[in-house]
Structures are given as structure tokens and as C-alpha cells.
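Single-structure report; data block below.
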Amino acid sequence: MICRHPDCLGHYDFDSIAHYAKQRFVEGRSTVSLLAEAGSEREKEEIALVSLLDVEDEQIRDLELHCRYSSQCKVLDCRDRLRKLIEEELSVEW
């Protein structure tokens, strides 16, 4: 399912992101191994979004995005939107 969240600039595939989140946090796969198996830049972006879920705000607050939406979206905004979407769709609390 494509993300229909109005604030999502990337319009990422939520099913794909949920799949990577499950592999990362439920199955315990590393972000590096997931990235190594990614078949496209889009998949790498989705895996990178998942990797932000377990990082504290202070560690990434000054991180600058270098994606096609970097002028409109900040890394904390992106991560918070993803968390909210997962909470809404999967009833998961962080």
C-alpha cells in the first residue's frame, strides 16, 4: 500500500517499509545486510527510513538529508511521520 499520509513527501510504499521494519526489529537483521540486498535506490531509501526508528533525537538532530526532498523535510520530521504511520496502521507504540 502506498503511503497516503498527506505529509509524506516520498510517497513510500508502506508495505515495503513494514516488511523491512519487521526484518530489522523482529527478525534482528542488521541494516547493513538489508542494504546489501536492496535491489534499487528506492529500497535503500526505505531501509534507511527504518534504520532511523531506533535512533535518539539528539543523535540525528543536526543530520542533513541529501534526498530529493531535503529542502522540504528534515530528518526528524521524516522519522516522526514514519513512526506515526506505523502506529496508526499497525497499532504499534514506540
Side-chain angles (χ1 to χ4, degrees):
M1 163 178 65
I2 298 297
C3 172
R4 303 270 186 240
H5 195 279
D7 294 327
C8 181
L9 298 171
H11 303 288
Y12 291 104
D13 182 339
F14 181 78
D15 291 332
S16 180
I17 292 172
H19 170 75
Y20 292 126
K22 180 181 176 190
Q23 287 186 3
R24 173 66 186 94
F25 297 108
V26 176
E27 297 173 13
R29 303 237 357 247
S30 73
T31 300
V32 173
S33 70
L34 292 172
L35 286 170
E37 294 175 9
S40 68
E41 288 301 312
R42 177 71 164 216
E43 288 177 3
K44 288 179 182 178
E45 287 180 23
E46 291 170 347
I47 293 165
L49 288 173
V50 168
S51 74
L52 294 175
L53 293 172
D54 65 349
V55 178
E56 297 294 327
D57 289 355
E58 295 77 33
Q59 294 175 316
I60 61 171
R61 185 175 314 280
D62 297 327
L63 184 67
E64 293 183 27
L65 296 175
H66 292 285
C67 72
R68 60 185 167 260
Y69 304 108
S70 62
S71 64
Q72 303 163 348
C73 183
K74 300 300 176 207
V75 69
L76 293 175
D77 299 333
C78 190
R79 194 219 21 219
D80 290 343
R81 284 202 260 332
L82 180 57
R83 279 186 176 164
K84 184 176 180 182
L85 183 61
I86 289 173
E87 287 173 1
E88 290 171 354
E89 295 293 325
L90 300 178
S91 299
V92 173
E93 298 271 336
W94 294 102

Just how far is it from atom [atom1] of [X] to atom [atom2] of [Y], taken to the nearest 0.5 Å?
| X | Y | atom1 | atom2 | result |
| --- | --- | --- | --- | --- |
| L34 | Y20 | CG | OH | 7.5 Å |
| Q23 | I47 | CD | CD1 | 8.0 Å |
| D54 | R24 | CG | CZ | 5.0 Å |

Sequence neighbours excluded, which residues qualify as salt bridge (charged side-chain N to carboxylate O under 4.0 Å, His left out) partners of [X]?
| X | result |
| --- | --- |
| K22 | none |
| E27 | none |
| E58 | R61 |

| Considering all heavy atoms of both residues, which atom of S51 and which atom of A48 are nearest to each other, and what is their separation? | OG-O, 2.6 Å
| If every non-hydrogen atom of I17 is compared with every non-hydrogen atom of L49, which pair is closest and at what distance? |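 Closest pair (atom of I17, atom of L49, distance): CD1-CD1, 4.2 Å.
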| request: Name all residues meeting the side chain to side chain contact (heavy atoms under 4.5 Å, CB included) criterion together with S33; count only those two or more places apart in sequence or in a different chain, and write none if there are none. | output: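 Side chain to side chain contact (heavy atoms under 4.5 Å, CB included) list for S33, sorted by chain: R29, S30.
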| query | Is the closest basic N to carboxylate O distance between E41 and K44 below 4.0 Å? | reply |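 Yes, E41 and K44 are salt-bridged.
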